[in-house]
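For reference, the structure discussed in these notes is given below.
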Amino acid sequence: MEEKEKKKQKHHHHHHQPPQKQNPKKSDFKPSSEVKGLRFGGQFIVKSFTVRRSSPLELLRLLSLPTPSSPQHDHLPFPFPSTVAFMPTNFTILAHHAWHTLTLGLGTKKSKVLVFVFESQALKASTVDQSWPNVIPLGNVNQKLIRGLTGCEMARFKFRKGCITFYVYAVRRVSANGFARADDLRTVLEAVVELKDFLDHTAMLALPSQRSIAFSSPAVAMAH
């Protein structure tokens, strides 16, 4: 009996540990043509919903990380200079809500957030800044963004946080050694792990009086 209890406690303890995979290994990286992309299940209508490139400040707020708010910090470099993030557009958020209502609760309410951490600002500038659109349907992300990163390899991390699923990709040149932005990647992954579940994605609507992305009810949000 004691041995069974010890095994049970050991399993219980492991279940509540945050993911240990904070630094990508060489084996984690796959060519852009082979890395797993977004998953939609059987609800193909979601592929027509759009995501938009977010500002660096929006990403910090979404991840509940400190934001440069005082004039004395103006001279400091902004965090994550080689990172690009995509968040649901207002259309997508409202469409999810309408789809869920029209299907009497059977339609998904889950939105997707994409975060690409590039190994350098130069790689980001050469592959993204001039060619990636500001708004893109989710159904085009795999082909145009992920598969479009020719000459690159990626490590993929996926986290479900209530009604938002986070896809985090570390991007580097093929056959590169290590990952130059490992600290940025670790900070992003740890921040996502620590987030509470999002209960209502309509809280992400960028209203004039609410530019930040907040939880619908922090007091009752359950940890993932």
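Along the sequence shown, residues carry numbers from 1.
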Can you check side chain to side chain contact (heavy atoms under 4.5 Å, CB included) on S131 and V128, steps first, answer last? CA-CA 5 Å; S131 60; V128 173; 5.5 Å; no
Test side chain to side chain contact (heavy atoms under 4.5 Å, CB included) on L138 and K112 and set out the steps. CA-CA 8 Å; L138 285 169; K112 301 179 191 298; 4.3 Å; yes
Trace of the side chain to side chain contact (heavy atoms under 4.5 Å, CB included) decision for L195 with S64: CA-CA 8 Å; L195 286 175; S64 294; 3.7 Å; yes
Before giving the answer on side chain to side chain contact (heavy atoms under 4.5 Å, CB included), spell out for R181 and Q121 the whole-Å C-alpha distance, their side-chain angles and the decisive distance to 0.1 Å. CA-CA 10 Å; R181 287 287 176 177; Q121 288 177 263; 3.8 Å; yes
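Using a 4.5 Å heavy-atom cutoff, the side chains of V192 and F157 are not in contact. At a threshold of 4.5 Å between non-hydrogen side-chain atoms, the residues P81 and D184 count as touching. A heavy-atom distance below 4.5 Å is found between the side chains of L123 and C152. The shortest distance between side-chain heavy atoms of L62 and F166 falls below 4.5 Å.
In terms of the ring pair (Phe, Tyr, Trp, His ring centres under 6.0 Å) criterion, residue partners of F116 (sequence neighbours excluded) are, by chain and number, W132, Y169.
For the residue pair P66 and L60, the shortest heavy atom distance occurs at O-CD1, 3.7 Å. Pairing each heavy atom of V46 with each of F40, the nearest pair is CG1-CD2, 4.1 Å. Heavy-atom minimum distance, A191 versus L65: CB-CD2, 4.0 Å. When all heavy atoms are compared, the tightest approach of E119 to A176 is OE1-CB, 3.9 Å. V84 approaches K124 most closely through the heavy-atom pair CG2-CE, 3.4 Å.
Under the 6.0 Å distance and 45° angle rule, R156 does not count as a cation-pi partner of Y167.
For the pair K30 and E153, the salt-bridge criterion is not met [side-chain N within less than 4.0 Å of a carboxylate O].
How far CG of L145 is from CG of L38: 8.5 Å, rounded to the nearest 0.5 Å. Here I136 contributes atom CD1 and Q143 contributes atom CD; the two are 10.0 Å apart, rounded to the nearest 0.5 Å. Here the CZ-CZ distance, from F179 to F29, works out to 5.5 Å after rounding to the nearest 0.5 Å. If you take CG on L185 and OG1 on T83, they are separated by 8.5 Å, rounding to the nearest 0.5 Å. The distance from atom CD1 of I146 to atom OG of S33, rounded to the nearest 0.5 Å, is 12.0 Å. From D183, atom CG reaches atom CZ of R186 across 4.5 Å, with rounding to the nearest 0.5 Å.
Not a single donor-acceptor pair under 3.5 Å links the side chain of R52 to the backbone N or O of F86. Side-chain atoms of E58 come within 3.5 Å of backbone atoms of S55 as a donor-acceptor pair (strictly under, hydrogens ignored). Side chain of S32 to backbone of L149: a donor-acceptor contact under 3.5 angstrom is found. Counting only distance, with no hydrogens or angles, the side chain of S82 and the backbone of F118 share a donor-acceptor pair below 3.5 Å. Distance alone, capped at 3.5 Å, is enough to place a donor-acceptor pair between the K161 side chain and the V193 backbone. Remark: the backbone N or O of R53 is not paired with any side-chain donor or acceptor of N134 at under 3.5 angstrom.
Residue K158 places its NZ atom among more than 12 non-hydrogen atoms of other residues, nucleotides or ligands, all under 6.0 Å distant.
The stretch residues 137-147 participates, sequence neighbours left out, in no salt bridge (charged side-chain N to carboxylate O under 4.0 Å, His left out) pair at all.
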